[in-house]
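Please read these numbers as outputs of a predicted model, since none were measured by experiment.
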Amino acid sequence: MFAKSKSSSSSSNFQLANPIRNFCEIGKQTATAGPEHVWRIYDAYSKEDGKEVSVFLFDKRSVEKLHKPKRKETVTEILRNGAKEMQRFIHPKILQVYKVEECPETLAFASEPVLASLANVLAYQEQQELINKQNTLSQSHRPVYVKEYELLDIEIKYGLLQITEALLFLHTNSHTKILHRNVCPSNIIITKRGTWKLAGFEFIEVVNEIPFTIQPWTSRTSKMAQPNLDYLAPEIQQKKLGSFSSDMYSLGMTICAIFNRGRPLIQANHNCSEYLKQLENLDDRVGIILPSVALPLREAVSRLLQKDIDLRPTAQVLSMIKYFRDPLVHALQFLDVSKLKDLMQKEHFYRTTLKELLPYIPKKLLYQHIWWYLQAELQTQEVLSAVLQPILYIIEKSTKEEYEKIIFPTLRPLFSNRKSINGTVTLLENLHVILEKTPDEYIDSEVLQMLYTSFENSTMQVQTAAYIAVTNVTDYLNDEAIRNIILPKLLQAFDNGTVDERKLMKVVYCILNRLEKQKIIDYVLPLLCKVKLQEPEIVVRVVNIYKLMLTDKNYGLSVNWMATRAMPSLLPQTVNPGLNLEQFMLLFQVLQEMLNHIERNQRNKLTLDNLSLPSPERYRPFRHQHSTDNMHVPPFNIPNLRIDQRKTSSAEDMARKNSMTEPDRTASAENMARKNSMISTFGGWFTATMNDSNFLKVHNAFTSRRLSDNTLMTPKIRVAPSCASSPGGTPGGGLPVRRHSSIGPQERRGSNINLSPPTGGGMPITSSSVPYLLSSSMNSVRGSRRPSVSSTSSQQGLLQQVGSSMVRQLPPICLNLNGPPPPPTLSPSLQLPGQHSH
């Protein structure tokens, strides 16, 4: 077995000798291939362009150790011809050879990057199975380089289809029809893209007629100079006849080895007799292995391993079986021949077909196979936009480590290089997907820099995509960039009208909470009033901005702006026929919230203004609320009128006189005489006092006056301007005139008078001084009242004297019931006995 340690120690000696070193820089060994694994495969890089390649190297000294010296040249010649034949064939299913070089010690050729041969991978599977069974590995009969690699079902399916198509190409070539003769795992190469390529052209035969004679395997010739006996078709070994069906048999045996954990059905160990012995039981061996083969492939495998060559399917028939009719397989096939497709086919495939299949493709195959083709297509500007669609999906599903190691190095040049318009738009619209995985040190300097330069692009599609990107990547933008770059460009776009306002309004909403209050007041609020509110979507975006502003005072939306600018612009949209119910309710809710803000603000402001007034003026509207509860009438207030005592009607006087005893009558007469004397004496004082205080005091001096005479026989009372506006003021500048009690009830008008009783005691208030007082007690009196003539002539004279004096001297007054009047100030000559001037 070629061990890794041995190959790495000896490789440095012959690498320097081979001219292939002038073409590429050779690294470490990674795999083996070819007859008896004589080809050692090394990783390498092209010195010309730095691209990755692989170097297949044959050490001629290995032949000297294993065989006689005379056979050395024979093996070298076979391997040299095989490398040159592969270099001649250009086909996507055949290993591509770039350069063949030879020196006395080595033979080498450079090829596309290779991961391993299928034999290396199957050897790893076989090794794992032996480890699981706790068997030793020292008895392994095949010297195979082990490559740690797990095959997926989709890899096996597509790999077998690739080898079938390679054989189809060889068997049906229009120029020459070729028989491979050595189809086996050691000649199937797995590239670093995960594709399977057919190699090992050392024993190919040009077929002119079918069948044709072929030399069978013999022990007299070196194993390195013959095909693999375990995979050799029976007709060649038994009848020395070969055909294209011989290659199909070898492919059938390869399929069985894949599903048998790397072990072929015949293990002859380079012994012809052992081969023939095991060949007799081939049908039984096939029956044992078939349950392990994929169900759609079982019938094909059983037919491929038939001893009758006519029963075996051709490469063309095999490629069309149901097992290979898989959408994933077709997608992988398209990628392999994508260079032969036109631009429209590529664009449809990348944008639609591949993007739909990506969720079903294993991640291993995604990075190993598909990514290689995608990154190659990024160089083609015509399909850049379409290729970015599957790439963005892969970015979304990748881990941060996978993105930084595999994807970002390929994407990084796109941010600074010129791109197609569609490619730039696609990148901008999905910039948030890229930024989510991009390392922090590249966000501002490279990725966002592409966004800022896109604002200067003359193409409207690119500018629109840039503003869409802002709404998606706001969290990645710093405040300085928003204030100094985004906002000025946004205002400029509004003025120019080159970008859809719906997109711009969305940007305003996204950056609003990142702007200073003064910036919002100076730029954003005026901008909202300039927007044409016609389309429902624009209306909704503006309403959402106002709704956000209403949540915080720091946005600068004042009550004055709401009342004078915002609401007048939004109110007409309440009848916009384009709004649906949800949009209308949102608009109405914001308008109602604005109105509530205005209401609260104005109520609080007016309340504070009222509290700042002088004390009497502040409480004047509320004094009528302090009246007693014995008056069941609506509140009414007459300014500056105070009634100290209740005036009784003639009926009440009569009832009181009849109930008095003789001593009481005597005392009452004396009191009346004393009062009359005081009234005549102080009549001038009464008038003077009223002129000073503007308060009218009506004393209980008219005890014999009838209820029907309660009309104040005064000129029309004028109400002062300061009193006219207070609650209870008499409209029209005067008090209502009392109707005579003889007028029918149907002509009487009610009154809304609310009088406060005197605080100093005395008789209850009646309607003698206030017209139309409605109370339950007065209504009962009115119902039984009749015109009274019980007043004496002396009393009538006294009333006329006092009344005329009041009419002459009483000026227009303001009646006030809201509070007690200030005490009257009498001149020293008019003071009552026992009083002192204040």
Side-chain angles (χ1 to χ4, degrees), residues 91-94 112-113 115-116 118 121-122 125 149-169 188-198 251 254-255 258-259 292-301 313 315-341 344-378 383 386-399 402 406-407:
H91 192 270
K93 311 304 180 184
I94 296 176
E112 59 184 306
L115 179 69
L118 180 60
V121 175
L122 295 179
Q125 295 183 0
Y149 189 86
E150 290 290 344
L151 288 173
L152 303 176
D153 291 338
I154 184 64
E155 285 184 282
I156 296 174
K157 182 182 296 186
Y158 182 54
L160 291 177
L161 179 60
Q162 288 175 304
I163 301 304
T164 303
E165 290 179 344
L167 291 176
L168 178 61
F169 169 74
I188 295 176
I189 304 300
I190 301 176
T191 68
K192 289 193 174 180
R193 290 178 291 170
T195 57
W196 291 13
K197 300 293 184 76
L198 185 61
L251 179 59
T254 303
I255 294 174
I258 293 173
F259 289 98
S292 303
V293 179
L295 183 61
L297 191 59
R298 291 177 186 175
E299 182 182 356
V301 169
Q316 184 176 7
V317 172
L318 183 64
S319 65
M320 293 187 296
I321 65 174
K322 186 178 179 180
Y323 177 68
F324 297 124
R325 292 203 294 267
D326 188 324
L328 296 182
V329 170
H330 292 322
L332 297 175
Q333 275 185 305
F334 185 95
L335 291 172
D336 284 342
V337 295
S338 59
K339 292 182 179 180
L340 307 177
K341 303 295 183 179
M344 291 187 63
Q345 290 174 320
K346 286 184 179 182
E347 186 172 357
H348 179 268
F349 173 77
Y350 290 123
R351 191 181 298 275
T352 306
T353 306
L354 183 59
K355 187 176 180 182
E356 292 175 355
L357 292 175
L358 283 177
Y360 306 100
I361 298 177
K363 182 175 286 189
K364 170 190 171 184
L365 195 61
L366 207 62
Y367 290 117
Q368 183 182 7
H369 185 82
I370 295 178
W371 177 250
W372 189 91
Y373 291 100
L374 294 179
Q375 65 180 350
E377 291 288 2
L378 286 177
V383 295
V387 173
L388 283 173
Q389 299 298 327
I391 288 178
L392 290 168
Y393 176 85
I394 296 175
I395 293 174
E396 234 177 329
K397 299 302 179 181
S398 66
T399 64
E402 291 168 345
I406 303 173
I407 302 174

Between F259 and I156, which heavy-atom pair has the shortest distance, and what is it? CZ-CG2, 4.1 Å

Ignoring hydrogens and angles, write down the donor-acceptor pairs under 3.5 Å from the side chains of residues 388-396, residues two or more places apart or on other chains.
unit_1, atom_1, unit_2, atom_2, d
Q389, OE1, K355, NZ, 3.2

Check Y373 against L335 and note the closest heavy-atom contact, atom names and distance. CE2-O, 3.0 Å

Does Q316 CD have over 12 foreign heavy atoms under 6.0 Å away? no

What distance separates L358 CG from L328 CG, expressed to the nearest 0.5 Å? 9.5 Å

E347: partners by salt bridge (charged side-chain N to carboxylate O under 4.0 Å, His left out), with sequence neighbours left out: R351

Looking at residues at least two apart in the chain, or sitting in another chain, which of them share a salt bridge (charged side-chain N to carboxylate O under 4.0 Å, His left out) with K346? E377

If you count heavy atoms of other groups shown closer than 6.0 angstrom to NE2 of H330, is the number above 12? yes

For E356, all residues meeting side chain to side chain contact (heavy atoms under 4.5 Å, CB included), sequence neighbours excluded: T352

Could you give the distance from CD1 (I190) to OG1 (T195), rounded to the nearest 0.5 Å? 9.0 Å

NZ of K363 to CG of L152, rounded to nearest 0.5 Å, is 13.5 Å

Under the side chain to side chain contact (heavy atoms under 4.5 Å, CB included) test, residues paired with I406 that sit two or more places apart: Y367, W371

What are the two closest non-hydrogen atoms of E155 and L365, and how far apart are they? CG-CD1, 4.0 Å

Less than 4.5 Å apart, any side-chain heavy atom of L161 and any of W196? no

Over all atoms of both residues, closest heavy-atom pair of A300 and I321: CB-CD1, 4.0 Å

Distance from D326 atom CG to I154 atom CD1, nearest 0.5 Å? 4.5 Å

For a side-chain contact (heavy atoms from CB on, under 4.5 Å) check, start with the C-alpha distance between L151 and Q125, then their side-chain angles and the critical distance, and finish with the verdict. CA-CA 9 Å; L151 288 173; Q125 295 183 0; 3.7 Å; yes

Set of residues satisfying side chain to side chain contact (heavy atoms under 4.5 Å, CB included) with respect to P92, sequence neighbours excluded: V337

How many angstroms lie between CG in L318 and CZ in F324, if you round to the nearest 0.5 Å? 5.0 Å

Once you measure the plane-to-plane angle for F334 and Y350, does it fall in the parallel (<30°), tilted (30-60°) or perpendicular (>60°) bin? perpendicular

Does the side chain of L297 come within less than 4.5 Å of L160's, by heavy atoms? yes

So for atom NZ, which belongs to K397, do other residues, nucleotides or ligands contribute more than 12 heavy atoms lying within a distance under 6.0 Å? no

Test salt bridge (Lys or Arg N to Asp or Glu O under 4.0 Å) applied to K364 and E150, step by step: CA-CA 10 Å; K364 170 190 171 184; E150 290 290 344; over 6 Å; no

Would L374 and L354 count as a side-chain contact (heavy atoms from CB on, under 4.5 Å) if you check the C-alpha gap in whole Å, the side-chain angles of each, and the deciding distance to 0.1 Å? CA-CA 11 Å; L374 294 179; L354 183 59; 4.0 Å; yes

Closest non-hydrogen contact found for A331 with L357 is CB-CD1, 3.6 Å

If every non-hydrogen atom of Q162 is compared with every non-hydrogen atom of K93, which pair is closest and at what distance? O-CB, 3.6 Å

Other residues, nucleotides, ligands: >12 heavy atoms within 6.0 Å of E299 CD: no

Spacing of CE belonging to M320 relative to OG1 belonging to T164, to within rounding of 0.5 Å: 11.5 Å

